[in-house]
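Quick caveat: nothing in here was measured; it's all calculated off a predicted structure. Numbered from 1 within each chain, the chains take letters A, B, ... in sequence-line order.
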Amino acid sequence: MKSELEKRIFEIVKERSKEGGVIQSELWSILGVDNREGSKAVLSLVRKGLIRREQVVYKGRKTYRLIYSPEVREKLSLKVNLNPVMEIPCFTCRELYRCGLGYYNPYKCNLLSRYISLNAESGGS
Amino acid sequence: MKKEANLKDLIKFINEYVGNSGGAVFEVLAQSDKGILDVDIMKKTGLDEQEVRRVLYELQALGIASYRRDRSPEDGRFLYYWFIDSGRLNQILIQRKKAVVNKLKERLEYESKNTFFTCPRDGTRLTFDEALENDFKCPKCEGELVAEDNSGVKEFLRSMIAKLEEEIANEERKIAAPS
């Protein structure tokens, strides 16, 4: 029942996204639900990251404008560039955090040496 | 565009680290919003139970994946809902990058402190002390060792370290800033 309401709210907010979203207090009259029940569902949607809300003053009262936010859907925002670092064998090495403590070390590691000599040759030497 | 490339690289990294089923499991995890049961991962990827579990544990050890435990309403068994810890993901990758930079620094120091001798025939590489012990002969093939000019190696290490440190600084700023 509760998720049914959420679904309906989400649909309406999505439809009205071109008009800049829906005013929350208007939404209750469209859906015919009371404030208490409705804001619970809205909050749940906001927490899921499906919609966004901004505080506005409408007809002299504080309320929220609900906005569909598709960009939040792609929640995996990778901010780390892996391109050059991935070629270094250490990055994919299982011993990375143990390296230098025991058997493995960065001085004599064959994988690292090969990587360095391959790349340093093209640069100079 | 760039995000897509980063994601592709991440999947490549996972494939290399946990084996080829890693990427497939990661993609299924990334698509699910609120966590997914291992049984459903099996169905979606077509991998067997053992393999899926192995990959999940590896991803968890890396810090990329995490689970939420719930009791099944029917029989009270534990259910594990797996998901990608997206908040931690960037941190983990940066941490790993920093560790790599440290390794490169250690190597650079070693390269700067020592002079090297190599065997032209099989490429065996020894430090001055090691070469002295072997009378400047290759321990494998008895060939004459030749002094190596490692300035190219040092140059390469220095530029790579600088490049990565700049990247890390930028990325840490981006992560700290609310998107």
Side-chain angles (χ1 to χ4, degrees), chain A residues 3 6-7 10 44-52 69-125, chain B residues 2-10 12-17 30 33-34 84 86-87 89-97 99-111 114 123 125 127 148-157 159-160 163-164 167-168 170-172 174-175 177 179:
Chain A
S3 60
E6 278 176 29
K7 220 186 265 173
F10 180 61
S44 164
L45 285 170
V46 171
R47 259 187 242 119
K48 282 177 190 162
L50 296 169
I51 61 175
R52 207 148 46 84
S69 55
E71 70 269 23
V72 190
R73 295 281 299 155
E74 41 174 270
K75 54 171 185 156
L76 278 186
S77 66
L78 268 183
K79 291 173 181 148
V80 182
N81 198 359
L82 296 178
N83 199 352
V85 80
M86 268 229 325
E87 289 159 24
I88 304 173
C90 306
F91 194 73
T92 44
C93 180
R94 285 169 170 277
E95 309 294 333
L96 176 59
Y97 291 114
R98 264 173 291 182
C99 184
L101 301 173
Y103 184 73
Y104 298 97
N105 62 62
Y107 318 125
K108 296 269 179 186
C109 174
N110 278 336
L111 291 171
L112 184 59
S113 299
R114 197 183 312 141
Y115 165 76
I116 291 171
S117 66
L118 277 177
N119 286 279
E121 268 166 12
S122 56
S125 157
Chain B
K2 217 178 143 227
K3 260 185 198 166
E4 292 273 299
N6 280 349
L7 196 63
K8 254 187 207 159
D9 283 337
L10 177 63
K12 217 168 114 194
F13 160 62
I14 291 172
N15 274 337
E16 244 167 80
Y17 192 86
D33 257 359
K34 299 187 86 182
I84 299 291
S86 53
L89 185 61
N90 286 314
Q91 303 278 1
I92 300 266
L93 293 173
I94 287 240
Q95 211 181 14
R96 224 177 154 77
K97 233 163 140 170
V100 171
V101 170
N102 281 338
K103 291 298 140 200
L104 295 184
K105 279 184 176 167
E106 282 173 42
R107 179 65 181 245
L108 176 60
E109 202 191 328
Y110 177 73
E111 294 284 336
N114 289 292
R125 192 169 191 249
T127 61
E148 184 201 288
D149 171 22
N150 68 347
S151 57
V153 169
K154 285 187 279 189
E155 189 49 46
F156 169 70
L157 285 171
S159 70
M160 192 51 127
K163 191 176 176 189
L164 291 178
E167 261 188 31
I168 290 171
N170 282 335
E171 285 159 0
E172 281 196 319
K174 258 195 274 174
I175 287 171
S179 53

So, the part of B:Ile14 with a heavy atom under 4.5 Å from chain A: the answer is neither

From the list B:Leu104, B:Val101, B:Leu164, side-chain contact (heavy atoms from CB on, under 4.5 Å) partner of A:Val85 resolves to B:Leu164

Among A:Gly100, A:Ser113, A:Cys109, the residue with the most heavy-atom pairs under 4.5 Å to chain B is A:Ser113

One should read off an interatomic distance between A:Asn110 CG and B:Arg125 CZ, to the nearest 0.5 angstrom, of 11.5 Å

**Request:** For residues B:Glu111 and A:Ile116, determine if any side-chain heavy atom of one lies less than 4.5 Å from a side-chain heavy atom of the other.
**Result:** no

Contacts of B:Glu16 meeting side-chain contact (heavy atoms from CB on, under 4.5 Å) (sequence neighbours excluded), chain-then-number -> A:Thr92

Bottom line for A:Leu96: the part with an atom under 4.5 Å from chain B's heavy atoms is both

inquiry  = Counting neighbours of CZ on A:Arg94 that are heavy atoms of other residues, nucleotides or ligands and sit closer than 6.0 Å, is the number greater than 12?
reply    = yes

One should read off an interatomic distance between B:Lys8 NZ and A:Leu78 CG, to the nearest 0.5 angstrom, of 13.5 Å

### Message
Looking at B:Lys12, I want to see if its NZ is surrounded by more than 12 non-hydrogen atoms of other residues, nucleotides or ligands under 6.0 Å.
### Response
no

Residue from B:Glu106, B:Glu171, B:Arg96 scoring the most non-hydrogen pairs under 4.5 Å with chain A is B:Arg96

Heavy-atom closest pair (B:Asp9 atom, A:Met86 atom, distance to 0.1 Å) is O-SD, 3.4 Å

Value for OH (A:Tyr107) from OG1 (B:Thr127), rounded to nearest 0.5 Å, stands at 13.0 Å

If you count the non-hydrogen atoms of other residues, nucleotides and ligands that lie under 6.0 Å from NZ in B:Lys163, is the total more than 12? no

Turns out that what part of B:Gln95 lies under 4.5 Å from chain A's heavy atoms comes down to both

Residue set satisfying ring-ring contact (aromatic ring centres under 6.0 Å, His included) with A:Phe91, at least two apart, ordered chain then number -> B:Phe13

Test log, rule side-chain contact (heavy atoms from CB on, under 4.5 Å), inputs A:Lys79 and B:Ile94 = CA-CA 9 Å; A:Lys79 291 173 181 148; B:Ile94 287 240; over 6 Å; no

Scanning both residues in full, the closest heavy-atom pair of A:Asn81 with B:Asn6 reads OD1-OD1, 3.5 Å

Exercise for review: Could you walk me through whether A:Ile88 and B:Met160 pass side-chain contact (heavy atoms from CB on, under 4.5 Å), step by step?
Suggested key: CA-CA 10 Å; A:Ile88 304 173; B:Met160 192 51 127; 4.0 Å; yes

When A:Cys93, A:Pro89, A:Pro106 are each screened for side-chain contact (heavy atoms from CB on, under 4.5 Å) with B:Lys103, the one that passes is A:Pro106

